[in-house]
Undergrad: 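A single structure is presented below for examination.
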Amino acid sequence: MPKLVTLYKLFVASPGDCRKERQIVRDVVSDWNVAYGQARDMYLEPVLWETHARPEMGSRPQEIINRQILSSCDALIAVFRARLGTPTVIAESGTAEEIHLFQQAHKPVLLYFHSSLPSDELKRFRTTISKEGLVWSYRGPWAFTRDVARHIALVMSELAGTPNTQATFANELDDSSPQVAVAGADIAGMLLDLRDHTYFLWNELEFLPPENSEFTCELRQSTFEIIRDSLDSLALAGLLKFRTEYAYSTGVDSAPVLSITVSAIADEIRQVTSDILREHRLKAFELPFWEQ
């Protein structure tokens with residue numbers, strides 16, 4: 001029977017090359033409504049220009065979209081893959097204009113960029129807008145789905161007071177997850193990614209005692225974003241497990257710091273780590289002392 005519900009609207013903004021990502025957002029929102037909304041008489045509506053706008057004349061298209069549907073939304077999720085989009089008279093693209101309007105209204109903005117960023121124009125835009133807040137990278141549909149689900153849970157926790165138990169910064173892969181075979185060279189590449197971007201995590205791996213297969217350390221959320229794909233790949237291969245939780249925010253720039261626990265570390269990880277360290281020492285030994 002009919003009942004009153006609290007309606008929240010999430011505007012989905014992107015250039016035309018993000019059709020898959022737009023559908024993923026709609027699917028994630030549908031899952032959130034089933035998991036949380038029904039029990040709390042809440043509904044989160046994904047708002048897209050192709051489903052919510054109507055024909056109208058007399059103004060430029062982007063201005064019509066802004067007035068018809070954008071202004072009534074509570075939060076915005078924007079995704080960029082390979083294109084920035086078509087410029088408007090006041091912004092770099094229609095999506096960029098939508099982002100700026102939400103920023104001016106002090107409404108939540110979730111901003112995602114594909115990690116490849118083939119366009120120089122898109123790279124410049126990311127560099128500029130990254131100075132105004134925290135943006136997110138993703139490499140594929142699985143990572144995008146995982147992150148969007150978590151972030152939407154966090155935003156709705158703020159907007160509606162819903163639980164954020166599913167909004168942890170990383171979920172540990174369960175034992176039923178299918179394992180993916182990884183070559184030794186690929187393992188080395190992933191571990192080098194950890195070495196090049198994380199001092200504390202790599203330091204723990206470097207000095208991990210033989211009797212231990214688990215450690216906990218802290219790292220910034222922005223650093224975790226950089227190395228996350230490597231950790232996920234190692235976890236999918238069954239070479240380790242990891243989980244994270246919010247630790248604290250730094251006083252200087254309020255940057256979130258995470259506590260990460262790495263466990264079930266396989267012997268292959270130890271061996272490749274040892275090989276990397278040995279190769280580094282050999283190279284250092286070969287250099288003249290003034291170049292070391």
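Source: prediction; values computed, not measured. Side chains are part of it too, since the values below use all heavy atoms of this structure and drop only hydrogens, waters and symmetry mates.
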Undergrad: Do you reckon Leu7 sits in the same ILVMFWY cluster as Val12, going by side-chain contacts under 4.5 Å, direct or chained?
TA: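 Hydrophobic grouping puts Leu7 apart from Val12.
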Undergrad: Is Cys217 close to Ile260 at the side-chain level, that is, under 4.5 Å between some pair of heavy atoms?
TA: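 The answer is yes; the side chains approach within 4.5 Å.
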Undergrad: Would you say that Leu231 contacts Arg228 through its side chain, given a criterion of any heavy-atom pair below 4.5 Å between the two side chains?
TA: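 No; the side chains remain at least 4.5 Å from each other.
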Undergrad: List in chain and number order the residues that pass side chain to side chain donor-acceptor pair (under 3.5 Å) with Glu268, two or more places apart in sequence or in another chain; answer none if no residue qualifies.
TA: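 Expected list: none.
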Undergrad: Report, one line per pair, each donor and acceptor closer than 3.5 Å where one atom sits in a side chain of residues 117-125; sequence neighbours left out.
TA:
from   : atom 1 : to     : atom 2 : distance (Å)
Ser119 : OG     : Glu121 : N      : 3.2
Ser119 : OG     : Leu122 : N      : 3.1

Undergrad: Considering non-hydrogen atoms only, spot the tightest contact between Ala78 and Ile99 and give its length.
TA: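 Heavy atoms of Ala78 and Ile99 come nearest at CB-CD1, 3.7 Å.
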Undergrad: Are Leu159 and Met156 close enough, and set up right, to give a side-chain contact (heavy atoms from CB on, under 4.5 Å), and what steps lead you there?
TA: CA-CA 5 Å; Leu159 291 177; Met156 291 308 296; 4.2 Å; yes
Undergrad: Before you tell me yes or no, could you show the steps for Val34 and Gln38 under side-chain contact (heavy atoms from CB on, under 4.5 Å), namely the whole-Å CA-CA distance, both residues' side-chain angles and the distance that decides it to 0.1 Å?
TA: CA-CA 6 Å; Val34 171; Gln38 291 182 0; 4.3 Å; yes
Undergrad: Is there a side-chain contact between Gln23 and Pro141 (heavy atoms, below 4.5 Å)?
TA: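 A side-chain contact under 4.5 Å is absent here.
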Undergrad: Taking atom OG of Ser274 and atom CD of Glu206, what is their separation to the nearest 0.5 Å?
TA: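 Nearest 0.5 Å value for the OG-CD distance: 10.0 Å.
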Undergrad: Quick one: list whatever passes salt bridge (Lys or Arg N to Asp or Glu O under 4.0 Å) with Glu97, sequence neighbours left out.
TA: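 Testing Glu97 for salt bridge (Lys or Arg N to Asp or Glu O under 4.0 Å), a comparison that skips the adjacent residues, returns Arg60.
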Undergrad: Any chance you could measure Ile152, atom CD1, to Ile77, atom CD1, to the nearest 0.5 Å?
TA: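 Reported to 0.5 Å precision, the distance equals 5.0 Å.
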Undergrad: Who are the side chain to side chain donor-acceptor pair (under 3.5 Å) partners of Arg19, not counting sequence neighbours?
TA: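 Arg19 satisfies side chain to side chain donor-acceptor pair (under 3.5 Å) with no other residue.
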Undergrad: Can you measure from CD1 (Ile187) to CG (Leu240) and round to the nearest 0.5 angstrom?
TA: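 Separation between the atoms: 10.0 Å.
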Undergrad: What are the two closest non-hydrogen atoms of Leu205 and Thr273, and how far apart are they?
TA: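 Here Leu205 and Thr273 meet closest at O-CG2, 4.2 Å.
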Undergrad: Quick one: do Val262 and Ile276 end up in the same hydrophobic cluster if we chain Ile, Leu, Val, Met, Phe, Trp and Tyr together by side-chain heavy atoms under 4.5 Å apart?
TA: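 Val262 clusters together with Ile276.
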Undergrad: Taking ring pair (Phe, Tyr, Trp, His ring centres under 6.0 Å) as the definition, give me every residue that meets it alongside Phe215, ordered by chain and number, with sequence neighbours left out.
TA: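 Phe215 satisfies ring pair (Phe, Tyr, Trp, His ring centres under 6.0 Å) with no other residue.
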Undergrad: Rounded to the nearest 0.5 Å, what's the gap from SG on Cys18 to CZ on Phe144? Could you check?
TA: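 Spacing of SG (Cys18) from CZ (Phe144) equals 8.0 Å.
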Undergrad: Rounded to the nearest 0.5 Å, how far apart are OG of Ser137 and CG of Leu111?
TA: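 Going from the OG atom of Ser137 to the CG atom of Leu111 covers 9.5 Å.
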Undergrad: The test is side-chain contact (heavy atoms from CB on, under 4.5 Å); show your working for Leu10 and Val155 and say whether it passes.
TA: CA-CA 10 Å; Leu10 175 68; Val155 167; over 6 Å; no
Undergrad: So, using ring pair (Phe, Tyr, Trp, His ring centres under 6.0 Å) as the criterion, who are the partners of Phe11 when residues are at least two apart?
TA: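 Once residues adjacent in sequence are excluded, Phe11 has no partner under the ring pair (Phe, Tyr, Trp, His ring centres under 6.0 Å) criterion.
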Undergrad: With the side chain counted from C-beta on, respond yes when Leu219 and Ile227 share a heavy-atom pair under 4.5 Å apart, and no when they do not.
TA: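 They are in contact (side-chain heavy atoms under 4.5 Å apart), so the answer is yes.
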Undergrad: Are any side-chain N or O atoms of His114 and backbone N or O atoms of Phe80, one a donor and one an acceptor, separated by less than 3.5 Å?
TA: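 Checked: no pair found.
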Undergrad: Could you tell me whether the side chain of Lys20 reaches within less than 4.5 Å of the side chain of Ile24, counting heavy atoms only?
TA: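 They are in side-chain contact.
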Undergrad: Among Val29, Val28, Asp27, which residue meets the side-chain contact (heavy atoms from CB on, under 4.5 Å) test with Val25?
TA: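 Passing option: Val29.
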Undergrad: List the atom of Pro46, the atom of Leu44, and the distance in Å for their closest heavy-atom pair.
TA: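 For Pro46 versus Leu44, the nearest heavy atoms are CD-O, 3.6 Å.
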Undergrad: According to a 4.5 Å side-chain heavy-atom criterion applied to Ile, Leu, Val, Met, Phe, Trp and Tyr, with indirect links allowed, do Leu110 and Leu134 form part of one hydrophobic cluster?
TA: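 Yes, Leu110 and Leu134 fall within the same hydrophobic cluster.
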Undergrad: How would you list all residue pairs meeting side-chain hydrogen bond (donor to acceptor under 3.5 Å, both in side chains) that involve residues 43-54, not counting sequence neighbours?
TA: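 Qualifying pairs: Arg22-Glu50, Glu45-His52.
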Undergrad: Got Cys73 and Phe102 here, is their nearest side-chain heavy-atom distance under 4.5 Å?
TA: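 The answer is yes, as the side chains (C-beta and beyond) meet within the 4.5 Å cut-off.
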Undergrad: For side-chain contact (heavy atoms from CB on, under 4.5 Å), just list the numbers for Gln271 and Asp267, CA-CA rounded to whole Å, side-chain angles, deciding distance to a tenth of an Å, and then say yes or no.
TA: CA-CA 6 Å; Gln271 183 59 54; Asp267 290 339; over 6 Å; no
Undergrad: My understanding is that only residues two or more places apart in sequence, or in another chain, count here; which of them pass side chain to side chain donor-acceptor pair (under 3.5 Å) with Tyr8?
TA: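 Tyr8 satisfies side chain to side chain donor-acceptor pair (under 3.5 Å) with no other residue.
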Undergrad: Around Lys107, counting heavy atoms of other residues, nucleotides and ligands shown, do more than 12 lie under 6.0 Å from its NZ?
TA: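 Correct, the count exceeds 12.
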Undergrad: Name all residues meeting the side chain to side chain donor-acceptor pair (under 3.5 Å) criterion together with Thr216; count only those two or more places apart in sequence or in a different chain, and write none if there are none.
TA: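 With neighbours one apart ignored, the set is Thr261.
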Undergrad: Tell me every residue that passes salt bridge (Lys or Arg N to Asp or Glu O under 4.0 Å) with Glu204, counting only those two or more places apart in sequence or in another chain.
TA: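 If we apply the salt bridge (Lys or Arg N to Asp or Glu O under 4.0 Å) test to Glu204, skipping adjacent residues, there are no hits.
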Undergrad: Grab the two heavy atoms, one from Ile64 and one from Ser59, that are nearest each other, plus how far apart they are.
TA: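 That closest heavy-atom pairing would be CD1-O, 3.6 Å.
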Undergrad: Might you point out which heavy atoms bring Leu194 and Trp202 nearest each other, and give the distance in Å?
TA: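 The pair with the smallest heavy-atom distance is O-CB, 4.2 Å.
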Undergrad: So Phe113 and Ile129, do their side chains get closer than 4.5 Å, heavy atoms only?
TA: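 Heavy-atom side-chain distance check passes, below 4.5 Å.
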Undergrad: Indicate whether any N or O donor in one side chain lies under 3.5 Å from an N or O acceptor in the other, for Tyr138 and Glu21.
TA: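 Tyr138 vs Glu21: donor-acceptor pair found between side chains.
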Undergrad: Quick check against the 3.5 Å criterion: does Ser30 have a side-chain atom that pairs as donor or acceptor with the backbone of Arg26?
TA: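 No, Ser30 side chain to Arg26 backbone: no donor-acceptor pair under 3.5 Å.
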Undergrad: Quick one, Glu98 and Gln62 - any side-chain contact, counting heavy atoms below 4.5 Å?
TA: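 Side chain of Glu98 against side chain of Gln62, heavy atoms only: contact under 4.5 Å found.
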Undergrad: Work out which heavy atom in Ala53 is nearest to a heavy atom in Gln68; give both atom names and the distance.
TA: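 Minimum heavy-atom contact is CA-OE1, 3.4 Å.
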Undergrad: Nearest 0.5 Å, please: how far is CG in Leu258 from CZ in Phe224?
TA: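 If I round to the nearest 0.5 Å, the distance is 6.5 Å.
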Undergrad: Excluding sequence neighbours, so at least two apart, what forms salt bridge (Lys or Arg N to Asp or Glu O under 4.0 Å) with Arg83?
TA: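 For Arg83 there are no salt bridge (Lys or Arg N to Asp or Glu O under 4.0 Å) partners, ignoring immediate neighbours.
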Undergrad: Is Leu239 linked to Leu192 within one hydrophobic cluster, defined over Ile, Leu, Val, Met, Phe, Trp and Tyr using a side-chain heavy-atom separation of less than 4.5 Å?
TA: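 Yes: a chain of side-chain contacts under 4.5 Å links Leu239 to Leu192.
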Undergrad: Quick test of your reading: applying side-chain hydrogen bond (donor to acceptor under 3.5 Å, both in side chains), list the pairs with at least one residue in residues 187-197, sequence neighbours left out, ordered by first then second residue.
TA: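 Passing the test, one end in residues 187-197: Asp193-His197, Asp193-Ser230.
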Undergrad: Indicate if Tyr199 and Phe242 have the same hydrophobic cluster label, given that clusters are the connected sets of ILVMFWY residues with side-chain heavy-atom separations under 4.5 angstrom.
TA: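 No; tracing contacts between hydrophobic side chains, which count when under 4.5 Å, never links both residues.
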